[in-house]
Enquirer: 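I'd like to ask some things about the structure below.
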There are 2 protein chains.
Amino acid sequence: MSRTGAIVDEPAKPKRTRIQRERRELIREAALEVFSQHGFRGSTIDQIAEAAGMSKPNLLYYFKSKEAIFVTLIDRLMEAWLAPLREMNADGDPATEIRSYIRRKVEMARDFPRESRLFANEILQGAPRIMPLLEGELKDLVDEKAEIIRQWIRQGKLREADPHHFIFAIWATTQHYADFDVQVRAVLGPEKGGESRFEDAAAFLEKLFLG
Amino acid sequence: MSRTGAIVDEPAKPKRTRIQRERRELIREAALEVFSQHGFRGSTIDQIAEAAGMSKPNLLYYFKSKEAIFVTLIDRLMEAWLAPLREMNADGDPATEIRSYIRRKVEMARDFPRESRLFANEILQGAPRIMPLLEGELKDLVDEKAEIIRQWIRQGKLREADPHHFIFAIWATTQHYADFDVQVRAVLGPEKGGESRFEDAAAFLEKLFLG
DNA sequence: GCAATTTTTGACCGTTTGGACAATCGTTAA
DNA sequence: TTAACGATTGTCCAAACGGTCAAAAATTGC
């Protein structure tokens with residue numbers, strides 16, 4: 001009731017020093033690298049510590065457990081993940097809005113593949129840590145945007161289609177280029193698999209969803 | 001040179017008894033359940049053994065290591081995985097062939113989600129065990145079918161689009177309903193997330209790719 | 001029925017892992 | 001200068017893990 005206030009989890013007074021902020025960020029970066037490659041269970045604290053250039057006990061001085069690192073990563077990730085969809089504007093031109101959304105998602109697949117894989121891994125394992133978020137914030141956001149798309153369709157500005165599955169299809173196709181990158185590159189081969197593959201994908205997807 | 005013949009891996013003479021065949025199949029089923037939920041590193045031999053209703057040493061009597069179980073699973077999986085694409089027939093009606101392919105892939109997402117997740121997991125981790133297959137057999141198959149699609153497009157039977165990315169898009173969207181199932185159900189909610197979601201998805205995807 | 005073979009298990013082993021701890025080292029501010 | 005506090009590390013531990021082994025139990029072939 002008095003000073004501490006919070007019976008719940010997070011530290012009541014983070015009050016981080018400069019070094020703490022820097023080191024925690026350094027650890028997050030290293031952990032992202034390791035977790036996205038090996039998954040949660042497949043990664044060890046030692047690996048993360050080495051990638052961050054510090055000893056294991058030192059890392060555990062900044063994060064009290066492996067789980068704690070993972071959770072802060074997921075938290076940050078979800079923010080960035082929802083942002084592009086949030087920006088879809090009901091008052092904008094439908095084709096332009098959809099096109100922008102696709103472009104941003106492809107750019108994210110290109111520029112933040114580790115984040116995408118981390119997210120995919122979490123969902124694959126049954127989303128044990130973010131289930132409430134999926135059923136709450138995410139569902140609400142999708143429902144809201146689906147309604148916008150439904151109106152665009154009603155106005156004849158977009159092709160007839162189920163808005164929810166429309167959004168799923170954009171997610172699936174764009175994230176595919178991050179999550180299944182090795183397969184994409186293996187199949188395209190050295191010639192077509194160069195860095196142009198993201199531009200090719202974006203062009204293809206625009207046509208697919210708007211053409 | 002003489003009797004053994006194979007310098008390579010697999011046992012020259014499997015010569016399995018009835019019990020061995022049954023038990024090995026039982027173990028594969030249990031391993032599929034466990035691996036697809038927790039990934040390779042996240043699964044333990046004990047978990048698999050318990051799921052198969054036997055002791056750990058007993059399981060190791062049938063498969064010499066955890067890795068060995070995983071490998072036979074992947075092998076079987078890849079066969080089933082390539083089959084639908086193999087069936088795409090150059091002499092058939094393009095729309096019908098694509099429609100059938102999409103339907104089969106959606107059915108596989110519905111009926112074999114564990115296999116899909118196992119595969120996704122392997123690719124996510126960089127496909128350490130199936131890279132040669134991706135660059136060889138898979139690439140060849142995709143190139144062959146892409147050529148067929150290219151001709152269909154040239155004949156005006158399909159919309160203009162890059163055949164490789166066209167195939168990727170079908171993979172991504174259909175497998176999404178297996179790999180990201182928890183997210184799909186969370187977003188659709190109890191009403192729309194019932195078992196009809198696969199039929200809805202199939203209908204949506206047909207329109208998307210052929211409409 | 002019995003010997004040979006296959007199947008099953010309890011006990012065990014070395015290694016890896018997440019994490020705790022106390023001691024040390026560095027920094028800072030009075 | 002020094003006391004207080006922040007940062008770092010070597011050492012250690014208990015649990016979990018993959019896998020072995022010898023011996024027991026069950027099955028099979030005669």
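Throughout, protein chains are lettered first and strands after them, A, B, ... in sequence-line order, and every chain is numbered starting at 1.
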Enquirer: Can you check the Q20(B) CD to dT27(D) P distance for me, whole Å?
Expert: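 Going from CD in Q20(B) over to P in dT27(D) covers 15 Å.
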Enquirer: May I ask you to check whether H38(B) and F40(A) place their ring centres under 6.0 Å from each other?
Expert: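 No, ring centres 6.0 Å or more apart.
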Enquirer: When you measure from the side chain of Y62(A), which nucleotide among dT8(D), dT7(C), dT9(C) comes out closest?
Expert: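 Comparing dT8(D), dT7(C), dT9(C) against the side chain of Y62(A), the answer is dT8(D).
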Enquirer: With the threshold set at 4.0 Å, does a side-chain nitrogen-carboxylate oxygen contact exist between K56(A) and D46(A)?
Expert: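 Between D46(A) and K56(A) there is a salt bridge, with a charged N closer than 4.0 Å to a carboxylate O.
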Enquirer: Grab the CD1-P distance between I48(B) and dG19(D) for me, whole Å please.
Expert: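 In whole Å, dG19(D) P and I48(B) CD1 are 10 Å from each other.
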Enquirer: Flag the pair R28(B) and E25(B) as a salt bridge only when some basic side-chain nitrogen lies within less than 4.0 angstrom of an acidic carboxylate oxygen.
Expert: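 Counted as a salt bridge, because a side-chain N and a carboxylate O are separated by less than 4.0 Å.
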Enquirer: Roughly, in whole Å, what's the span from CD1 in I27(A) to C1' in dG18(C)?
Expert: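 I27(A) atom CD1 is separated from dG18(C) atom C1' by 15 Å.
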Enquirer: Rounded to whole Å, how long is the line connecting atom CD of E22(B) with atom C1' of dT27(D)?
Expert: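 These atoms are roughly 13 Å apart.
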Enquirer: So, is Y61(A) near the phosphate of dA7(D), with a side-chain N or O under 4.0 Å from OP1 or OP2?
Expert: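 For dA7(D), OP1 or OP2 has a side-chain N or O of Y61(A) closer than 4.0 Å.
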Enquirer: In whole Å, I'd like the distance from the CE atom of M54(A) to the P atom of dG26(C).
Expert: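 That distance rounds to 17 Å.
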Enquirer: Please report the distance, rounded to the nearest Å, between CG in L59(B) and C1' in dT7(C).
Expert: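 Nearest whole value for this atom pair: 13 Å.
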Enquirer: Under the 3.5 angstrom rule, does the side chain of R24(A) hit a backbone N or O of Y62(A) as a donor-acceptor pair?
Expert: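 Side chain of R24(A) to backbone of Y62(A), a donor-acceptor pair under 3.5 Å: yes, one is there.
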Enquirer: Could you go through T72(A) and F63(A), starting from their C-alpha distance and side-chain angles, then the distance that decides it, and tell me whether this counts as side chain to side chain contact (heavy atoms under 4.5 Å, CB included)?
Expert: CA-CA 10 Å; T72(A) 76; F63(A) 288 91; 3.8 Å; yes
Enquirer: Can you check nucleotides 14-18 of chain D for protein contacts, nitrogen or oxygen pairs under 3.5 Å, and list what you find?
Expert:
from: dG18(D); atom 1: OP1; to: S43(B); atom 2: O; distance (Å): 3.3
from: dG18(D); atom 1: OP1; to: K66(B); atom 2: NZ; distance (Å): 2.8
from: dG18(D); atom 1: OP2; to: I45(B); atom 2: N; distance (Å): 2.9
from: dG18(D); atom 1: N7; to: K56(B); atom 2: NZ; distance (Å): 3.0

Enquirer: With a cut-off of less than 4.0 Å, is there a side-chain N or O of N58(A) near OP1 or OP2 of dA7(D)?
Expert: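 For dA7(D), neither OP1 nor OP2 has a side-chain N or O of N58(A) closer than 4.0 Å.
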Enquirer: Think R23(A) has a side-chain N or O under 4.0 angstrom from the OP1 or OP2 of dG6(D)?
Expert: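 Checking dG6(D) against R23(A), no side-chain N or O comes under 4.0 Å of OP1 or OP2.
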Enquirer: Do D181(A) and H176(A) have side-chain N/O donor and acceptor atoms under 3.5 Å apart?
Expert: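 Absent: no donor and acceptor within the cut-off.
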